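Naming convention: chains lettered A, B, ... in sequence-line order (proteins, then strands); numbering from 1 in each chain. No experiment lies behind these values; they were computed from the predicted model shown. Heavy-atom basis, side chains included; hydrogens, waters and symmetry copies ignored.
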Amino acid sequence: MEFVTTGYSGYSVKYSPFVNDRLAVATSANFGLVGNGRLYILGLTAHGIVLAKQYDTQDAIYDTAWSELNENQVVAGCGDGSVKLFDLTTGNNSPVQNWREHAREVYATSWNLVTKDTIATSSWDGTIKLWSPERPSSLLTLPTHSCTYSAAFSPHSPSIISSATSDSHIRVFDLRTPASASNHLVQLIPIHGAAPVPGSTFVANRPPPTQPAEALTHDWNKYRDTVIAVAGVDTVIRTFDLRNPRQPMVQLRGHEYAVRRLAWSPHVSDCLISGSYDMSVKLWTDGTVAGSYGAHPNLRSPRELGSMEAHTEFACGVDWCLFGAEGWVASTSWDSRVLVWDVRSVMRPHSYSQN
Amino acid sequence: MSAAQNRLTQVSGHLAGSKSTIAATKGDSSSARANLLQKNPDDVVVTACLRTAFTKGGKGGFKDTAAADLLAGAFKSLIERSKIDPALVEDIAVGSVLPPGGGATEFRAAALVAGFPVSAAVKSLNRQCSSGLQACVDIANAISTGMIEVGVGAGVESMSLQYGPGAVTEFSELLESHPESRNCKVPMGVLSEKMAKDRGVSRKLQDEFAASSYQKAIKAQEAGLFDEEIAPLTVKWEDPKTGDVKEITVSKDDGVRPGITAESLGKIKPAFAKDGSIHAGNASQISDGAAAVLLMKRSTAERLGQTILGKYVAASVVGVAPLLMGIGPWAAIPKVFAKAGINKDDVDIFEINEAFASQCVWCANELGLDQKKINPKGGAIAFGHPLGCTGARQVSTLLYELRRRGEKVGVTSMCVGTGMGMAAVWVAE
C-alpha cells in the first residue's frame with residue numbers, strides 16, 4: 001500500500017499504539033532543508049491509505065510520536081526547535097501545546113512507554129528535554145554536549161532514557177539517580193573506539209575526528225531490557241548489552257550509506273528493520289533466536305534477512321505495526337512516499353522456507 | 001551561515017562519512033574530484049593571496065630591506081587588496097628560517113606597523129623550506145577547528161641580510177655521536193650532489209629541467225602572468241657603485257633571465273664537487289621576498305563579501321632520511337592524495353619547489369607526473385627561493401594560474417632540509 005505526500009519528504013513514520021489502522025508521518029518541504037513541515041495522519045483502509053488529517057507547520061518536521069495515554073494526541077519535533085502536541089479531536093489546526101525551548105532542530109521524539117505521562121525530545125542543540133503534556137514548560141533538561149540525533153525511553157523502565165549522538169556515544173540516563181553534576185548520566189558507551197575504564201565512566205573516549213562515526217539512530221530491544229541497537233554514518237548496525245558494553249555484541253553490515261533509522265520488532269526479539277541513505281529498508285536478525293521467521297533451526301548467525309528497495313530516495317522513517325500479523329511495517333522516504341508492506345514479502349527464500 | 005546551509009552540511013556529512021563511493025576507488029577518481037570541487041560553508045577558503053617580487057640575494061632590489069619590512073609590505077598590500085577589516089584577523093602565522101629568535105618579535109611589530117590592531121596575534125614558525133606552507137596550514141587548521149575565524153598565513157626571508165653560517169648552532173657531541181642525527185647538518189648542496197649521483201640523475205637531465213624553468217618563467221613574466229600575484233613594494237636601496245641611497249619600487253622578479261638553454265647551463269662549473277652535476281644554474285637562487293595568504297571559512301567569506309579565490313583541502317607532512325631530503329615531495333604527495341581521495345590525474349597543476357633541479361625532476365619522474373603540469377610559470381631555479389617564504393608564495397602562483405586557465409585542482413609541495421617533505425591540495429574557484 002502506498003500514500004504520496006506530494007511535495008513533502010518523509011522523515012518519520014509511526015504506527016498508532018491504540019489502533020492498527022492509523023499512521024502519523026512527519027514530513028518536510030524541500031527535503032527538510034528550508035520551508036514548511038507537515039504532519040500527516042493517515043488511515044489504513046480496504047481501499048488503500050487515506051488522509052485523515054494534516055497539520056502544517058512553519059518549519060520542517062523531523063520526528064513524531066503518538067501519545068501512549070490519549071489515542072488522539074501526537075507530538076511533532078520541528079526544525080525551528082519547537083515541539084508541538086496536536087490533538088486530533090480539536091477542530092482547528094493549532095497545537096494544544098507548543099513548546100519552544102530547544103535552540104536548534106529537534107530530531108527525535110519519544111513517548112514514555114511505561115508511565116505514559118512524559119515525552120522526551122532531542123535536538124541538534126546538544127540537549128534532551130522531558131515534557132509533560134499538561135505543563136507549559138519542560139520538566140528537565142539532560143545535556144549531551146553533542147548534536148543528538150536520537151533519544152528514546154526504555155520500554156522497560158519509566159525512568160531510563162537513552163540517546164545516540166554525533167560524538168559516537170550511547171548515553172543512558174536514569175532519572176532515579178540523585179540530581180548531581182552528572183545530570184543523571186549513568187552510562188556513556190563509546191560506539192567506536194576503546195571501552196570505558198570501569199569506575200571512570202564520564203571521560204569521553206572520542207574516536208579520531210577523521211573517522212566517520214556520527215550515530216544517527218538507536219532503539220531498545222523490546223524483549224531484552226539491556227539490549228540497544230545503534231547505527232549511523234559508518235553504515236554498520238551494532239548491538240550493545242548495557243551489562244557489558246565494552247564492545248558490540250553484533251555488527252550488522254550491508255547498508256551502503258549511513259543508516260538513518262532503526263526499529264526492533266515488537267513481535268520477535270531478534271529482528272529489526274533499518275532505513276538508510278542508500279534508499280533501502282533492510283530486515284536483520286541479530287542471531288540470538290534460532291529459527292526465527294522460519295530460518296533453519298540450527299542457523300544462528302546475525303545477518304540480513306531481506307531488503308526492500310522500492311524507495312527512490314533516502315529512507316528516513318521505519319516503524320513496525322504492533323497488531324495483527326507479525327511482519328507489517330511502514331516506511332517513509334525523501335521520495336515523498338509512505339509504503340506499508342509485509343517484511344515477509346522481501347525475505348530471502350532460504351530464510352523463509354520453514355515457515 | 002543560514003539554517004538551510006547548516007542542515008545541508010549536516011546531511012552531506014552523513015553521506016560523506018560512508019566509506020562507499022565517496023572515497024576514491026580505482027578507476028573512479030572523477031567522482032572524488034567532483035567531491036573535491038563541492039562548496040561547503042565550512043570550507044577553509046583563500047580570499048586574498050600575494051607576494052612581493054623576489055630579488056637576488058646581496059644585489060637585488062631588496063638587498064637592504066629587512067625581512068620584517070618586506071613582511072610589513074606584504075601585509076599592507078594584503079589588507080588593501082582584500083579590503084578586510086584588519087580587526088577581524090585573529091591570528092597571523094609567519095614562516096621564516098633564518099632570523100635569530102625565529103623572528104617572533106619583529107614579525108609582531110611588522111603586523112602592527114602594517115595596520116593590524118594589537119588584537120591580531122602573531123607567531124613565527126620554522127619548518128625550514130616548508131615554513132610558509134606550514135604557516136598557511138596552521139592557520140587553516142585553527143580556522144577549521146574553530147579556534148579562530150579569520151587568519152593570515154605568511155612567509156618571509158631576507159637571505160641578503162640573514163643567510164650565513166650563524167643560522168645553525170654547533171652540534172653537540174651527543175648529536176655528532178648518532179649517524180642519522182649527524183647527517184642533519186650536512187649542507188644541502190653536498191647531500192643533493194650525493195643523491196643525484198646515487199639516484200642517477202644526470203647533469204644533462206638537470207640542466208634541461210633548469211633551462212625549461214628559466215624559459216617558462218621569462219615567458220610568463222613577459223606575458224604578465226606574475227602581475228596578479230606580485231604586490232609592488234617601494235624600498236630604500238643603496239647603489240653599490242656610488243653609495244647613494246635611493247627609493248625604488250620593486251615589482252618584478254629580477255632572477256628571471258632570457259636566453260638560457262640547457263647548452264648554456266652545460267658550461268657552468270659544478271659547485272660542490274669537481275665531478276659533480278649541481279651548479280648555480282640548476283639549483284634554486286638565493287633571494288629575498290615575502291608572501292601572505294588570507295584565510296577564513298567560506299561562510300565567513302560570504303558574510304563579509306570577500307572574493308573567494310580558492311580553497312584549502314588537505315596537507316601532509318612526512319619525514320625521510322636527512323641525506324635524502326630531496327625526495328620529500330615524492331613521499332608527501334601520495335600521502336596528501338590519500339587524504340584528499342584523489343590521484344595524480346585529478347590534479348591540473350603541481351607547484352613543486354625547485355630546491356635543486358636534481359631532486360625536483362627525480363620526484364616528478366618517480367611519481368610519473370606529467371611534465372606539462374609541473375611549475376608552468378617556472379620555479380625557484382628561475383626566480384628564487386627565499387626559504388621560509390616559498391610555501392606561501394606557491395599558493396599565489398598556483399591559484400592565479402589555475403584561475404587564469406580555468407582549471408581547478410592544484411598541489412603545492414617542497415622538500416625540507418634535515419629530511420622532510422610537505423604537500424597540500426588546493427582548489428581554485
Inset, instruction - Report, as yes or no, whether the 6.0 Å neighbourhood of atom CH2 on W330(B) holds more than 12 heavy atoms from other residues, nucleotides or ligands. - result: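 No - once you tally the heavy atoms of other residues, nucleotides and ligands closer than 6.0 Å, there are 12 at most.
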Legend entry - Q58(A) atom CD, over 12 foreign heavy atoms within 6.0 Å: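 Result for CD/Q58(A): open.
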Legend entry - Portion of F31(A) that has a non-hydrogen atom of chain B nearer than 4.5 angstrom: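 Neither part.
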Inset, instruction - Please look at D80(A) and chain B and tell me whether the side chain, the backbone, both or neither of the residue comes under 4.5 angstrom of a heavy atom of that chain. - result: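 Answer is backbone: N, CA, C or O of D80(A) sit under 4.5 Å from chain B.
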Inset, instruction - Please confirm whether the backbone N or O of G79(A) pairs with a side-chain atom of R7(B), one donor and one acceptor, at under 3.5 Å? - result: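 The answer is yes, because a donor-acceptor pair under 3.5 Å joins these two groups.
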Legend entry - Aromatic plane relationship, H14(B) with Y149(A) - under 30° parallel, 30 to 60° tilted, over 60° perpendicular: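 It falls in the perpendicular class, over 60°.
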Legend entry - Residue pair Q10(B) / C147(A), side-chain heavy-atom distance below 4.5 Å: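 Side-chain contact under 4.5 Å: yes.
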Legend entry - Close side-chain approach of R104(A) to N6(B), heavy-atom, < 4.5 Å: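 In short, these two side chains touch, coming nearer than 4.5 Å.
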Legend entry - N30(A) CG to L8(B) CG distance, which is reported to the nearest 0.5 Å: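 Separation between the atoms: 11.5 Å.
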